K.L.:
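Here it is, the structure in full.
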Amino acid sequence: MQKAEKVLGPNVSQYLGKLTLGNYTQATVDGDLTIQVKDPDHPDGFAAPGQLSKGTQDQLYLAARLALVDLMFPDATPPIFLDDPFVKFDPDRRQAAVQLCQTIVQEHQVFLFTCSDDYDGMGKMILMPADRPES
């Protein structure tokens with residue numbers, strides 16, 4: 001857990017800064033894996049995830065998952081599966097997430113499952129055939 005504490009905080013901060021376009025650039029992760037985000041608008045200077053907007057919460061949790069991949073696989077590059085993770089992101093942060101994914105694909109294979117056409121052209125697209133009634 002001590003190693004997790006030392007690695008996760010900086011990595012979550014790095015990913016979160018990119019996903020929030022620099023609005024949130026510092027996160028802490030304690031020995032219980034409790035995450036807090038530096039927020040000057042909060043009375044004690046840090047906010048718990050539940051005190052952030054739903055979109056920012058999703059960005060924080062995506063940053064945390066990516067940081068966990070870094071921690072768990074320092075010498076491997078497992079594929080990353082994302083199931084419509086950007087639904088609550090505003091357009092600017094959605095674009096930042098796409099750019100982050102384009103960076104991540106340099107080391108990991110990224111599978112993005114979505115019903116949206118917002119990501120057309122982002123990578124290689126596989127279209128699933130429409131359900132057809134059996135003859």
Side-chain angles (χ1 to χ4, degrees):
M1 291 309 249
Q2 290 175 347
K3 179 182 177 186
E5 234 179 304
K6 290 178 183 176
V7 172
L8 289 177
N11 288 7
V12 170
S13 297
Q14 179 184 17
Y15 289 124
L16 186 62
K18 291 177 183 178
L19 290 167
T20 63
L21 301 169
N23 288 328
Y24 296 96
T25 58
Q26 185 179 356
T28 62
V29 181
D30 68 16
D32 295 328
L33 300 182
T34 301
I35 301 173
Q36 291 200 328
V37 176
K38 185 171 184 173
D39 184 355
D41 296 331
H42 198 267
D44 63 3
F46 281 86
Q51 297 170 313
L52 303 168
S53 72
K54 296 292 184 191
T56 303
Q57 286 178 38
D58 283 356
Q59 291 144 19
L60 174 61
Y61 294 139
L62 176 58
R65 287 191 304 269
L66 294 172
L68 278 170
V69 170
D70 294 342
L71 174 68
M72 293 172 61
F73 301 98
D75 300 319
T77 55
I80 297 174
F81 291 85
L82 303 172
D83 185 6
D84 239 346
F86 314 139
V87 173
K88 297 177 188 165
F89 291 22
D90 65 49
D92 291 336
R93 289 187 181 185
R94 186 177 305 122
Q95 183 59 37
V98 167
Q99 289 172 347
L100 179 58
C101 285
Q102 289 172 332
T103 301
I104 291 170
V105 299
Q106 303 303 315
E107 294 187 19
H108 297 272
Q109 189 174 22
V110 176
F111 292 87
L112 175 62
F113 297 92
T114 182
C115 295
S116 172
D117 59 4
D118 289 344
Y119 312 101
D120 289 359
M122 181 178 141
K124 294 180 183 174
M125 186 171 19
I126 301 171
L127 297 175
M128 301 303 292
D131 289 336
R132 289 181 242 160
E134 293 187 32
S135 315

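Predicted, not measured: the structure shown is a model, and the values here were computed from it. Count residues from 1 along the sequence.
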K.L.:
Identify the two heavy atoms, one from P78 and one from V69, that lie closest to each other, and give their separation to 0.1 Å.
P.N.:
CG-CG1, 4.1 Å
K.L.:
Only counting residues at least two apart or in another chain, list the ones meeting side-chain hydrogen bond (donor to acceptor under 3.5 Å, both in side chains) with D44.
P.N.:
H42
K.L.:
Could you state whether L52 and L16 fall into the same hydrophobic cluster, counting links through intermediate Ile, Leu, Val, Met, Phe, Trp or Tyr residues with side-chain heavy atoms under 4.5 angstrom apart?
P.N.:
yes
K.L.:
Please name all residues satisfying ring pair (Phe, Tyr, Trp, His ring centres under 6.0 Å) with F89, sequence neighbours left out, ordered by chain then number.
P.N.:
F86
K.L.:
Can you measure from CD (Q99) to NZ (K18) and round to the nearest 0.5 angstrom?
P.N.:
10.5 Å
K.L.:
V87, V98: one ILVMFWY side-chain cluster at the under-4.5 Å cut-off?
P.N.:
no
K.L.:
Show me the donor-acceptor pairs within less than 3.5 Å that the side chains of residues 33-40 make with the rest of the protein, sequence neighbours left out.
P.N.:
| residue | atom | partner | partner atom | Å |
| --- | --- | --- | --- | --- |
| D39 | OD1 | D41 | N | 3.1 |

K.L.:
Can you name the residues that form a side chain to side chain contact (heavy atoms under 4.5 Å, CB included) with D92, not counting sequence neighbours?
P.N.:
L21, D90
K.L.:
Any non-hydrogen side-chain atom of L62 less than 4.5 Å from a side-chain atom of L82?
P.N.:
yes
K.L.:
Of all residues at least two apart in sequence or in a different chain, which pass the side chain to side chain contact (heavy atoms under 4.5 Å, CB included) check with S53?
P.N.:
T56
K.L.:
Counting only N and O atoms by type, is there a donor-acceptor contact under 3.5 Å from the side chain of S13 to the main-chain atoms of A27?
P.N.:
yes
K.L.:
Distance check, rounded to the nearest 0.5 Å: I104 atom CD1 versus Q102 atom CD?
P.N.:
10.5 Å
K.L.:
If every non-hydrogen atom of P49 is compared with every non-hydrogen atom of L60, which pair is closest and at what distance?
P.N.:
CG-CD2, 3.7 Å
K.L.:
Look up atom CZ in F73 and atom CD1 in I80, then write down how far apart they are to the nearest 0.5 Å.
P.N.:
9.5 Å
K.L.:
Are more than 12 heavy atoms, taken from residues, nucleotides or ligands other than Q51, located less than 6.0 Å from that residue's CD atom?
P.N.:
yes
K.L.:
Would Y61 and M72 show up in the same hydrophobic cluster when neighbours are defined by side-chain heavy atoms closer than 4.5 Å?
P.N.:
no
K.L.:
Which residues satisfy the side-chain hydrogen bond (donor to acceptor under 3.5 Å, both in side chains) test with T25, sequence neighbours excluded?
P.N.:
none
K.L.:
Any sub-3.5 Å donor-acceptor pair from N11's side-chain atoms to L8's backbone N or O?
P.N.:
no
K.L.:
What residues, two or more places apart in sequence or in another chain, satisfy ring pair (Phe, Tyr, Trp, His ring centres under 6.0 Å) together with F81?
P.N.:
F111
K.L.:
Can you sort out the partners of D84 under side-chain hydrogen bond (donor to acceptor under 3.5 Å, both in side chains), two or more places apart, ordered by chain and number?
P.N.:
T114
K.L.:
If you round to the nearest 0.5 Å, how far is CG of D58 from NZ of K88?
P.N.:
5.0 Å
K.L.:
Could you give the distance from CD (Q59) to OH (Y15), rounded to the nearest 0.5 Å?
P.N.:
15.5 Å
K.L.:
Rounded to the nearest 0.5 Å, what's the gap from SG on C101 to CG on L19? Could you check?
P.N.:
8.5 Å
K.L.:
Holding to side-chain hydrogen bond (donor to acceptor under 3.5 Å, both in side chains), I want the full list of residues that pass it with R94, two or more places apart in sequence or in another chain.
P.N.:
none
K.L.:
Taking the side chain as everything from C-beta on, heavy atoms only, tell me whether P79 gets closer than 4.5 Å to H108.
P.N.:
no
